[in-house]
Structure formats: structure tokens, C-alpha cells
Amino acid sequence: MKSGIIIFPGSNCDNELQKALESVGSSVIRVWHKEVNLPKNIDIIFLPGGFSFGDYLRPGAIAAKSPILNSIISFGKAGGYIVGICNGFQVLLESDLLTGALLRNKNQKFICKDEKIIIGACDSIFTKNFTSGELVNFPIAHNDGSYFCTDKSLKSLIDNDQIPFSYKENPNGSKASIAGICSLNKRILGLMPHPERVVFEENGGSDGFKFFNSIIENF
């Protein structure tokens with residue numbers, strides 16, 4: 001598998017993400033946001049965490065206007081696989097590749113800690129190696145991570161099994177304790193937690209390895 005990691009000014013989780021992908025056997029191509037076209041033969045695109053463009057205007061808003069995003073949007077609409085983690089999730093929402101918005105945390109403070117995450121739907125490559133209801137430990141680190149959508153959109157997400165990750169104890173005020181959502185075709189995923197930070201046991205756990213390995217094994 002060949003993975004592309006999109007780098008924006010302010011991205012700061014790209015190195016951990018690359019090591020996580022390489023640990024499960026994926027080759028990685030790093031793509032600067034000013035590129036117009038994606039490299040050929042990319043299987044899956046990753047948008048890493050960080051603070052793209054310093055979170056000016058609102059997180060992900062400026063990054064969503066970067067030159068490479070037109071190619072990413074076309075890639076996603078054509079059925080390509082895309083994963084946005086933390087700031088990457090914010091970019092996917094700002095690009096309308098996913099539904100909803102991410103608001104300021106309910107306590108108005110930056111939150112950085114480990115969280116228990118409940119696995120929901122397991123019918124995508126992102127969760128097939130898990131079981132529904134399984135608890136995993138993924139760190140969070142965000143200031144604007146409270147997921148919001150309309151009640152109509154929430155019903156659609158629930159009815160179509162588009163909520164693969166939920167918080168056991170809602171840390172940020174997210175609607176329905178949502179930690180991540182996927183597109184209707186289950187090929188575009190956005191999540192606030194950082195699985196790339198718990199790939200190696202020496203870093204505090206390996207639940208993230210299971211996440212990335214699920215992508216590779218079920219692609």
C-alpha cells in the first residue's frame with residue numbers, strides 16, 4: 001500500500017503518522033500542500049494533526065483552500081480512501097467531505113490526555129479488526145474538538161452506521177459523544193483522537209497499531 005501524508009504549515013503529527021504507517025508495512029509519500037496534483041498510484045490519503053496555518057480564522061479553514069485540496073476532494077468523491085486526524089478532521093469538515101463542524105471544547109480549554117474510545121460500526125477498513133463495543137485507548141490533544149451537527153444529520157449518521165468512534169466519557173461536549181465519523185460509503189474517516197501516538201508499547205500502548213493494521217489488512 002502507498003500512503004500519502006499531506007503537510008501544511010503548522011502540521012506537527014506527520015512524523016508520528018509516517019512511523020505508524022511504516023510500522024504496518026505501508027510506504028509513505030509526503031505531499032506539500034502547495035502541490036496541485038496528488039502523486040500517481042496513491043492508495044490512501046492522510047491529513048495529520050497539528051495547527052495548520054496557526055488555526056487562524058478557525059481550525060482547518062485556510063488549509064481547506066490549499067492548492068492540493070482540489071485533488072483531494074476529487075480523489076474522495078471518486079471513492080478514494082482519506083483519513084483526517086484531529087486537525088485533518090477539521091480540514092475534511094471545512095472541505096465538505098464530511099458532515100458537521102468542530103467547535104471549541106465545552107470547558108474553553110485545550111485538552112491533552114488519554115481517552116477511552118468505544119468502537120462503533122465495524123464495516124469499514126478502519127475498524128474491521130475491532131469488535132463493536134470494544135474499548136481502546138487513544139490520546140486526544142485539541143482546543144476545538146466538540147463535534148456538532150444538526151439533529152437530522154445525527155440521525156442519518158446513526159441510521160447509516162457512520163459513527164465508528166465515540167468517547168466513553170465525553171471530554172469536550174461533542175454531540176452524542178462522537179469522536180469520529182465516516183462518509184456514507186465508509187471510505188473517508190475523520191477522528192479527533194490520535195491513534196498514531198499509541199502504536200508502540202514504549203510510547204504507552206499499541207491500540208493505534210491495531211487501527212493502522214486494520215487499514216492495511218482490509219484495504
Look only at the side chain of N105 and the backbone of G145, and say whether a donor-acceptor pair between them is shorter than 3.5 Å. yes

Can you check side-chain contact (heavy atoms from CB on, under 4.5 Å) on I72 and L47, steps first, answer last? CA-CA 10 Å; I72 292 174; L47 307 180; 4.0 Å; yes

Minimum heavy-atom distance [X]-[Y], with the two atoms named:
X: K175; Y: T150; result: NZ-C, 3.7 Å
X: N12; Y: G50; result: OD1-CA, 3.1 Å
X: S52; Y: V91; result: OG-CG2, 4.5 Å
X: C86; Y: A141; result: SG-O, 3.5 Å
X: L154; Y: A176; result: CD1-CB, 4.0 Å

Kindly write out the residues that satisfy ring-ring contact (aromatic ring centres under 6.0 Å, His included) with F53, not counting sequence neighbours, or none if the list is empty.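 Scan of F53 (ring-ring contact (aromatic ring centres under 6.0 Å, His included), adjacent residues dropped) gives H33.
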
With F219 via ring-ring contact (aromatic ring centres under 6.0 Å, His included) - residues at least two apart: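 With sequence neighbours excluded, F219 shows a ring-ring contact (aromatic ring centres under 6.0 Å, His included) to Y81, given in chain and number order.
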
Residue pairs meeting ring-ring contact (aromatic ring centres under 6.0 Å, His included), one or both in residues 54-77, sequence neighbours left out, come to none

Sequence neighbours excluded - ring-ring contact (aromatic ring centres under 6.0 Å, His included) pairs with any residue from residues 129-159: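 Every pair satisfying ring-ring contact (aromatic ring centres under 6.0 Å, His included) with a residue in residues 129-159: there are none.
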
Inter-residue atom distance [X].[atom1] - [Y].[atom2], 0.5 Å rounding:
X: K155; Y: C149; atom1: NZ; atom2: SG; answer: 13.0 Å
X: F211; Y: F126; atom1: CZ; atom2: CZ; answer: 6.5 Å
X: N87; Y: E94; atom1: CG; atom2: CD; answer: 10.0 Å
X: I215; Y: L21; atom1: CD1; atom2: CG; answer: 7.0 Å
X: L98; Y: L93; atom1: CG; atom2: CG; answer: 5.5 Å
X: I5; Y: E196; atom1: CD1; atom2: CD; answer: 9.5 Å

Do the side chains of V199 and S206 get nearer than 4.5 Å, heavy atoms only? no

Close side-chain approach of P193 and F165, heavy atoms under 4.5 Å: no

Only pairs at least two apart or in different chains count here, so list each side chain to side chain donor-acceptor pair (under 3.5 Å) that has a residue in residues 208-219. N129-E217, N129-N218, E134-K210, N213-E217, S214-N218

Filter on side chain to side chain donor-acceptor pair (under 3.5 Å), then keep only pairs touching residues 15-26, sequence neighbours left out; what's left? S3-S26, N15-R30, Q18-E22, Q18-R30

Please answer: with hydrophobic residues joined when any side-chain heavy atoms are less than 4.5 Å apart, are W32 and I82 in the same cluster? yes

Under 6.0 Å from the CD atom of E169, do we count more than 12 heavy atoms belonging to anything else shown?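 No, not enclosed.
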
Across all chains, not counting sequence neighbours, the side-chain contact (heavy atoms from CB on, under 4.5 Å) partners of D144 are P59, Q90, R104

Which residues pass the side-chain contact (heavy atoms from CB on, under 4.5 Å) test with S74, not counting sequence neighbours? none

Other than F51, which residues form its hydrophobic cluster under the rule that side-chain heavy atoms must be closer than 4.5 Å?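 Reading the cluster by chain and number, F51 sits alongside F110.
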
Remaining members of hydrophobic cluster (4.5 Å side-chain criterion), L135: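 Grouped by the 4.5 Å side-chain rule, I118 form the rest of the cluster around L135.
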
Donor-acceptor list for residues 34-43 side chains, cut-off 3.5 Å, not counting sequence neighbours:
residue	atom	partner	partner atom	Å
D43	OD2	K2	N	2.7

Can you check side-chain contact (heavy atoms from CB on, under 4.5 Å) on Q162 and T99, steps first, answer last? CA-CA 11 Å; Q162 290 175 250; T99 300; over 6 Å; no

Residue pair K116, N137: steps toward the side-chain contact (heavy atoms from CB on, under 4.5 Å) verdict: CA-CA 5 Å; K116 293 295 183 183; N137 183 65; 4.3 Å; yes

Who passes side-chain hydrogen bond (donor to acceptor under 3.5 Å, both in side chains) against D123, sequence neighbours left out? K186

Checking N172 against S146 for the side-chain hydrogen bond (donor to acceptor under 3.5 Å, both in side chains) test, could you report, in this order, the C-alpha distance in whole Å, the side-chain angles of both residues, the deciding distance, and whether it holds? CA-CA 5 Å; N172 52 27; S146 179; 4.8 Å; no

Applying side-chain contact (heavy atoms from CB on, under 4.5 Å) to R197 and C13, what does each step give before you reach the verdict? CA-CA 9 Å; R197 296 186 180 181; C13 299; 3.2 Å; yes

